Amino acid sequence: MSTKRTARPCAAAYEAQVGEYFEWCQETGRHPSLPGLALALGLEGRAQLERLAAGGDKTASVLRRALSRVEEANLQSLYQKDTASSAKFLLQSCFGYAERPAPAAPGDITVSIVEDET
């Protein structure tokens, strides 16, 4: 029984494909996404993209930068009124962002009134 391994594209090939994906997003007015990026790179999906990006080689570095570009595009969407709520949801569910908890209410305040004896 032989196992077939498919060769993974080199870092330069991924870099070119990433550039094409972001260019396509800009031309079509679409927001970049992790699944969209993964599919543009010929991967099965987001999970495979994240596994490859977790490596320590040049290809992983290119992929981590691409993930950061998708994250940045979603962050910028927060500043646009019509996309803010969607961007907030994506950042929380896909990138681990969370709302800061409200500060704890201060405890009881005790006031002492002391009469001046002079």
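This is a predicted model, so every value here is computed, not measured.
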- Is there a side-chain contact between K88 and Y97 (heavy atoms, below 4.5 Å)?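 They are not in contact (no side-chain heavy atoms under 4.5 Å apart), so the answer is no.
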4.5 Å side-chain heavy-atom contact, F95 and L34
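With C-beta onward as the side chain, the pair touches.
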Fill in: E72, CD: over 12 other non-hydrogen atoms inside 6.0 angstrom
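Yes, because the 6.0 Å sphere around CD of E72 holds more than 12 heavy atoms from other groups.
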Show me the donor-acceptor pairs, under 3.5 Å and distance only, between side chains in residues 39-58 and residues at least two apart or in other chains.
residue : atom : partner : partner atom : Å
R46     : NE   : E50     : OE2          : 3.0
R46     : NH2  : E50     : OE2          : 3.3
R46     : NH2  : C94     : O            : 3.1
Q48     : OE1  : E44     : N            : 2.7
D57     : OD1  : A60     : N            : 3.0
D57     : OD2  : R8      : NH2          : 3.0

Report, one line per pair, each donor and acceptor closer than 3.5 Å where one atom sits in a side chain of residues 9-23; sequence neighbours left out.
residue : atom : partner : partner atom : Å
Y21     : OH   : S33     : N            : 3.0
Y21     : OH   : S33     : O            : 3.4

(Q) On a heavy-atom basis, which atom in L37 and which in L67 lie closest, and how many Å separate them? (A)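 So the two residues come closest at CD2-N, 4.4 Å.
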**Prompt:** In Å, rounded to the nearest 0.5 Å, how long is the span from CD of Q92 to CG of N74?
**Reply:**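 One gets 12.0 Å once the value is rounded to the nearest 0.5 Å.
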